[in-house]
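Note sheet for the following structure.
Lettering follows sequence order; numbering is per chain, from 1.
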There are 2 protein chains.
Amino acid sequence: MALRQVAERQAESPAPARLYAIGDLAAELGVTHRALRLYEDQGLLAPRRIGNQRIYSPRDHARLVLVLRGKRLGFSLADIREMLDLYEVDPQHLEQLRATLKKGCARIAALERQQQEIALTLKELREGERLVRDLIRQRESEAGQGRKRRTP
Amino acid sequence: MALRQVAERQAESPAPARLYAIGDLAAELGVTHRALRLYEDQGLLAPRRIGNQRIYSPRDHARLVLVLRGKRLGFSLADIREMLDLYEVDPQHLEQLRATLKKGCARIAALERQQQEIALTLKELREGERLVRDLIRQRESEAGQGRKRRTP
DNA sequence: CCGTAACCTTACCTTAACGTAAGGTAAATG
DNA sequence: CATTTACCTTACGTTAAGGTAAGGTTACGG
């Protein structure tokens, strides 16, 4: 069965649905096979199978991008899973829609808080930076002045 | 030795340097004794001692606040330690000043990236929110219309 | 058709960041 | 003065997020 072949042939094709073997996806986004399988166990990804080999769709690719972003932001896999599930809502069921909306709003609020805290931290660090720059300037000019004053 | 007493007396006093026993600080900032001792082991805090009991100063309190903020932002204790160390610089040594500046700038850059990613995530989530709201409205009005149309 | 490269599962190992329990000292309180 | 109460250290347990190793199948290239 041409499995890897299919992926490679599709890799050259212009637009139509690219497919990835696990190694391809791992390489492209800089993660290990292990991580991908773990994310699958945790319900973050659900690649199709051919036989028992995983086939990742562009959709899986997109989800993985979100997963990695979530990780960089310090979220747990469980959190990330919840966030991904927000995009999975079934438009038929009003109750589910409402639940999704609620969770989504909570996430948004949390991220806004986080944003505030980052802003605060940045402000402090920048102030520190200014201070240190001043100290450096001062030290440097002292050294210069010292030489000049002693030999006017 | 009046140790806890001192803390309690100072707790009532208006401004002057409040002191905390471990339990006080833990309660006030919502962490456990264990966490405080761990942070100490990792070099994030360095309370004074009286005998072998820890005495936390307002400075320790402030540092702990920063630690907890760092945690909420998803940083490791090691990262947080590095950030705290930025505020500890000795103004005498030019080389150290320069190193501090460099590390500080790196931190700032990292936080700015993080900020971008949060902004992006927020944008996506808000778009999702709008979509879900629309779906809900649609479902609701469908239900209403259904009744009206069937009984004109 | 044979070897090697990519994939599979299972299972144990590791690190960070605590939780929790055990056993012991100091000290404020009835 | 006896007893809780707060604190101490030591040490083992736990959870999340993978790393790593072992052993086995599939598929592809020469």
Side-chain angles (χ1 to χ4, degrees), chain A residues 1-11 19-56 60 64 66-84, chain B residues 1-11 19-56 60 64 66-84:
Chain A
M1 207 177 288
L3 195 144
R4 222 179 148 58
Q5 254 180 2
V6 168
E8 271 157 29
R9 213 166 289 153
Q10 302 231 357
L19 297 183
Y20 306 83
I22 194 171
D24 303 342
L25 189 58
E28 183 163 328
L29 296 187
V31 300
T32 64
H33 303 55
R34 181 63 168 94
L36 290 183
R37 299 200 184 104
L38 179 65
Y39 299 161
E40 185 174 345
D41 285 349
Q42 309 286 325
L44 303 180
L45 296 176
R48 275 182 304 143
R49 300 281 183 129
I50 290 183
N52 62 356
Q53 291 195 222
R54 297 168 173 81
I55 305 291
Y56 296 87
D60 292 318
L64 182 51
L66 293 183
V67 169
L68 297 179
R69 197 163 76 200
K71 292 219 64 195
R72 286 193 299 272
L73 294 179
F75 293 119
S76 70
L77 296 186
D79 281 347
I80 294 172
R81 192 203 158 150
E82 255 211 41
M83 298 182 61
L84 287 175
Chain B
M1 207 177 287
L3 195 146
R4 227 183 142 56
Q5 254 179 5
V6 168
E8 271 157 29
R9 214 166 287 153
Q10 300 228 358
L19 297 183
Y20 307 81
I22 194 172
D24 302 342
L25 189 59
E28 185 163 329
L29 295 187
V31 299
T32 64
H33 303 56
R34 181 62 168 97
L36 291 183
R37 297 199 185 104
L38 178 66
Y39 298 160
E40 186 174 344
D41 286 349
Q42 308 285 328
L44 303 180
L45 297 176
R48 275 183 303 145
R49 300 279 185 133
I50 290 184
N52 61 356
Q53 292 196 221
R54 297 168 173 81
I55 305 292
Y56 296 88
D60 292 316
L64 183 52
L66 292 183
V67 168
L68 298 179
R69 199 164 74 199
K71 293 220 62 193
R72 285 192 300 271
L73 294 180
F75 293 119
S76 70
L77 295 187
D79 281 346
I80 294 172
R81 191 199 157 151
E82 256 211 40
M83 299 183 60
L84 288 175

Shortest side-chain distance from T32(A), nucleotide among dG19(D), dC12(D), dT26(D):
dG19(D)
Could you check Y39(A) against K71(A) for side chain to side chain contact (heavy atoms under 4.5 Å, CB included), going step by step and ending with a plain yes or no?
CA-CA 12 Å; Y39(A) 299 161; K71(A) 292 219 64 195; 3.6 Å; yes
When you get a sec, tell me which of dC8(C), dC8(D), dC18(C) is the closest nucleotide to the side chain of A35(B)?
dC18(C)
Just the rounded figure in Å: distance from C1' of dT9(D) to CZ of R54(B).
9 Å
Calculate the interatomic distance between Q53(A) atom CD and dT9(C) atom P; express it in whole Å.
10 Å
To the nearest 0.5 angstrom, please state how far the CG atom of L45(A) sits from the CG atom of L38(A).
10.0 Å
Passes side chain to side chain contact (heavy atoms under 4.5 Å, CB included), R48(B) versus D60(B)? Steps please.
CA-CA 10 Å; R48(B) 275 183 303 145; D60(B) 292 316; over 6 Å; no
Grab the CZ-C1' distance between R34(A) and dT14(C) for me, whole Å please.
12 Å
Atom pair distance, as rounded to whole Å: CD1 in I55(B) and C1' in dA27(C)
13 Å
Choosing from dA17(D), dA11(C), dC7(C), which nucleotide comes nearest the side chain of K71(A)?
dA17(D)
L64(B) and Y56(B), any side-chain heavy atoms less than 4.5 Å apart:
no
Between N52(A) and Y39(A), who's closer to the 5' end of DNA chain D by nearest nucleotide?
Y39(A)
Can you tell me if H33(B) touches the phosphate of dC7(D), counting only side-chain N or O atoms and a distance under 4.0 Å to OP1 or OP2?
yes
Among residues at least two apart in sequence or on other chains, which ones pass side-chain hydrogen bond (donor to acceptor under 3.5 Å, both in side chains) with Q42(A)?
none
In whole angstroms, the gap separating C1' of dC8(C) from CG of L38(A) amounts to 16 Å
Check this for me: does the side-chain of R37(A) come within 3.5 Å of the base of dT9(C) through a donor and an acceptor?
no
CG of L68(A) versus C1' of dA17(D): gap in Å, rounded?
13 Å
In whole angstrom, give the distance that lies between atom CG of L44(B) and atom C1' of dA16(C).
13 Å
Could you state the atom-to-atom distance from CZ of R81(A) to P of dA16(D) in whole Å?
14 Å
Which is more 5' along DNA chain D, the nucleotide nearest L77(A) or the one nearest R49(B)? Just name the residue.
R49(B)
